[in-house]
Amino acid sequence: MATELSRRRLLAGLAALSCGGFSARPALARATACARADAGAPPGLLSCWSDSPTRPTEFHAGLLGTASPALALPARGHDIAWHPSADGSAVVAARRPGDFLVRWHVATGTELARFEADDESRFEGHLAFRPDGRVLYATETDLITGDGRIGVFDALSLERLDAWPCGGIGPHAVEWIADGRLAVAVGGILTLPETGRVKRNLSSMDPALAFLDPTDGRLLSRHRPPDAFMSVRHIAQDAHGNIAVSMQNEGRAGRPLFALLDGERLRYGGADAGLIERCGDYAGDIIALDDGFAVSCTHAGVTASWGADGRAGTVFDTRRVCAMTTHGDRLLVTGDAGDLWQLDAAGSRCARHWQLPVALDNHADPAPAQT
Amino acid sequence: MKQRLSLALASLLAAALLSAPASAAAPAPFVSPSAWMSALGRQVLAPGYAELARSSAALAQRVDAVCKQPGDDTLDAARGAWRQAALELRRLSALPYGPALETRILRRLDFWPTRPPQIESSLRGRAAGTLADERIGVTAKGLPALEYLLFDPVRAPLTTDAAACGYASWLAADAAHDLDAILPAWQDWIASLDEIDEETEASMMSDSVNILIGGIDTLRVKYLEKPARKPTDRSGFDAWRSGEERSHLLALFDGLRLGLQGREGLPGLTAMLRGRGLLVLADRFDAQIALAGDALQALPAIPGEDGGAAIARAIETLAVLQGLLAHDAAEHLKVRVGFGDNDGD
C-alpha cells in the first residue's frame with residue numbers, strides 16, 4: 001500500500017515539474033527537469049533488481065543505498081515489503097508466474113524462511129501482511145483449474161496455512177485495506193504454465209477489484225471496471241479511505257489507466273485523448289497521495305496524477321518508470337533503466353536523480369527511519 | 001544464478017553463431033503452424049494418448065491383481081506396467097498441445113514432486129470412508145503418486161498393505177478413465193485444424209513455440225537444476241523410486257526433439273524455419289539438439305549420485321537450445337515469448 005504524503009506539497013512539486021498546474025488538462029513536463037544524475041548515495045530503498053532490463057540474467061533483492069548484502073534470487077522478484085514486526089526482515093515474492101516467497105534479514109542477507117510452490121500453484125507477484133505481522137497473504141493461481149486465489153501463510157515461517165478463491169482469474173496485487181478487508185486486483189487474464197505469460201482469454205476477460213474477509217477468505221464484494229479489457233493490476237488507498245486502482249489496457253481503444261472506486265463501481269479518472277495517449281497502455285504501480293493518487297505508466301515513460309475526486313492532475317517524463325514509494329515526505333520513483341527520482345515535495349522541482357547500474361523492478365518499500 | 005549466467009552466455013554464443021545472414025532461398029516447403037500441429041496430432045499425440053490410455057488400463061489391472069493376489073510376481077508385474085505407462089507419459093509430457101493443454105490432463109496425471117503425507121492421508125481417509133473420491137485432489141493422485149506406493153523403499157509394500165493397495169488400484173483406474181475420456185477430443189482438434197484463419201494461425205504459432213520453450217525450461221530447471229542442488233541426493237529426481245531417472249530424462253527430451261525436429265514425414269520446428277528460408281538457424285538447431293541429446297545420453301544411471309559434471313553439461317546445452325528458441329527463432333517467427341524476464345509485471 002502506498003504511503004501517505006502531503007497532497008498539497010507533493011502535487012505542488014508535480015505541478016511545478018510539469019510546468020503547469022493541477023488541472024483537467026495535464027501539461028507535459030520538460031524532460032530535463034530531472035535529468036541530471038546525482039553522484040551521492042541514493043536514499044535507502046528496499047527493492048528488487050536485475051542486471052539488464054532487456055536480457056536479465058542475475059536477480060537480486062535488497063536495500064539500495066546501503067552496504068547491506070543483496071539477496072540472490074533464482075528469478076525476478078516483484079513485490080517486496082518489510083515485515084511489520086520491524087525485526088529487520090523483509091519478504092519478497094517472485095514475479096508472476098513465480099515459485100518462491102523468501103523472508104530474509106536485510107542487513108545481513110541471511111535467509112530466514114522460504115516457500116517454494118510446486119505443480120499445484122504459482123505466485124502472481126504480490127503479497128500483503130496482516131497488520132499484526134502474523135499472517136501473510138500472496139496472490140496465486142491454481143495450476144489445475146486456472147482459478148486465482150489468495151495463499152495464506154505464516155508470516156514468519158512462510159508455512160502455508162490456507163488458500164482461498166479470490167473472485168476471479170489472474171490476481172495480481174493484494175492489499176490490506178484500513179477497514180480490515182483484503183483488496184485483490186483481479187486482472188482477469190488467464191495464463192498457463194505451459195505457455196508462460198501468454199494471455200489466453202483476452203476475448204473473455206472478467207477483471208475486477210475484489211474484497212475478501214481476511215479471516216476466512218469470504219468474497220465480500222466485486223467491482224468491475226467500465227470495460228472488460230481493462231485488467232486491474234494495482235491498488236492504493238489514501239488517508240481518507242478513497243480506493244483507486246491502476247490498470248493495463250488489453251483492448252484496442254484508449255482508456256485511462258486509473259479508476260476510483262465510486263460506491264459500487266469503478267469509475268475512470270478524468271482524461272482527455274491527449275492524456276490517454278500520453279499514458280499508454282500499461283501502469284506498473286500506483287501510490288496514494290493525501291487525497292489523490294499517482295500512477296507510473298511504464299511503457300509510456302510518464303508519471304501521471306489524479307485527484308481524489310478523479311480529476312486529472314499532471315503528467316511528466318520518467319522513462320521506464322516502475323516503482324513508486326516515499327522517503328520521508330518525498331516521493332521516490334524508480335525506472336527499470338536504473339533511474340531513481342526524488343521529487344521535492346516541499347520545493348518546486350525534482351530534487352534529485354540518481355542513475356543506478358541495475359534494472360530496478362516494479363515495486364519498492366522505503367528504508368525504515370532507523371536503517 | 002549460475003544457470004541464469006549460463007543461459008546468458010549461451011544466448012550470446014548462439015547469437016554469434018548466427019551472425020551470418022539467413023539464406024534468402026527457401027528450398028524447403030512452407031509449413032504453417034496448423035499443418036505442423038495437425039501432423040503432430042495425427043502421427044504422435046492422438047496415437048500416443050491412445051497408447052497411454054491402454055497402458056494405464058493395463059496398469060490398473062496389474063495393480064488390482066496385486067490386491068487380489070499379493071505376492072512378488074504380481075507386484076513385479078504392476079511395477080513393470082507402471083514403468084511402461086510412466087515412460088509414455090513422460091515422452092508425451094513434452095508436447096502439451098491441443099486437448100492436452102485444454103483439459104489439463106497432464107497436470108492431473110503428473111503431479112510432482114510427490115507429497116507422501118498427502119497420499120498417506122488420502123488413502124487412510126478413503127479406506128475409512130471419510131474421504132470421498134471426488135474430494136481427493138491432484139496432489140495425491142497421478143502416476144508419480146502411484147510410483148510412491150509401488151516403489152518407495154521405506155513405506156510398507158502394497159503386498160502387505162491392503163488399504164494402500166486399494167488406493168493404488170483406484171488411482172490407476174482413475175488415470176485410465178481420465179485418459180479414455182479425452183481420446184475423442186484429439187480427432188475433434190485435428191479436424192479443427194483444417195480451416196484456420198490468419199489470427200488463429202498466429203496464435204497457434206505462439207503456442208507452438210512457447211510450449212517448446214516451456215518444455216525445455218521444465219527439463220532444464222525442474223528436472224535437472226533443482227534436483228541437482230542437493231549433491232549425492234537422488235531423491236530430488238523424477239522417477240528416483242523406480243530407478244528410472246535417466247530414462248525419464250531421455251524420454252522427455254525425445255518428446256521435445258520430436259517437436260523441434262520432427263522425423264521422416266513429420267515436420268517439426270526446424271521444418272517451419274527452413275520453409276521460411278531460415279536455413280542457418282535451422283542448422284544450428286539441429287546441431288544444438290544433437291549436443292543436448294549427447295549430453296543427456298552421457299548422464300549416469302543414477303544422476304543424483306554421480307552425475308554432477310554430466311548434469312552441468314546437460315543444463316548448459318539445454319540453456320543454449322532454449323536461448324536459440326526464445327531469442328532467435330521467436331524473433332524470426334514474430335512470436336512473443338511467454339517466458340521472458342523483461343516484459344512487465
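Hydrogens, waters and symmetry mates play no part in the numbers below; they use all other heavy atoms, side chains included. Quick note on labels: first sequence line is chain A, next is B, and so on, each numbered from 1.
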### Task
Against chain B, work out which of A:Arg200, A:Glu116, A:Glu124, A:Gln248 has the most heavy-atom pairs shorter than 4.5 Å and name it.
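Most heavy-atom pairs within the cutoff with chain B belong to A:Arg200.
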### Task
Could you tell me which of A:Pro97, A:Gly196, A:Gly125 has the largest number of non-hydrogen atom pairs under 4.5 Å with chain B?
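Highest number of pairs under 4.5 Å: A:Gly196.
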### Message
side-chain contact (heavy atoms from CB on, under 4.5 Å) for A:Asp118 and B:Trp112? Distances and angles first, verdict last.
### Response
CA-CA 7 Å; A:Asp118 56 18; B:Trp112 183 85; over 6 Å; no
#### Entry: Positive for side-chain contact (heavy atoms from CB on, under 4.5 Å) with B:Arg107, one of A:Leu143, A:Leu192, A:Thr145
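Considering A:Leu143, A:Leu192, A:Thr145, a side-chain contact (heavy atoms from CB on, under 4.5 Å) with B:Arg107 is found only for A:Leu143.
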I'd like to check [X] versus [Y] (side-chain heavy atoms, cut-off strictly below 4.5 Å). Are they in contact?
X        : Y        : answer
B:Asp207 : A:Glu194 : no
B:Val337 : A:Arg197 : no
A:Val198 : B:Arg336 : no

Could you look at [X] and say if it's the side chain, the backbone, both or neither that has a heavy atom under 4.5 Å from chain B?
X        : result
A:Pro193 : both
A:His126 : neither
A:Thr195 : both
A:His363 : neither
A:Asp285 : neither

#### Entry: Electrostatic pair A:Arg96-B:Asp345, nearest N-O below 4.0 angstrom
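Salt bridge flag = yes for B:Asp345 with A:Arg96.
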### Salt bridge present between A:Asp99 and B:Lys222 (N-O < 4.0 angstrom)
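Salt bridge flag = no for B:Lys222 with A:Asp99.
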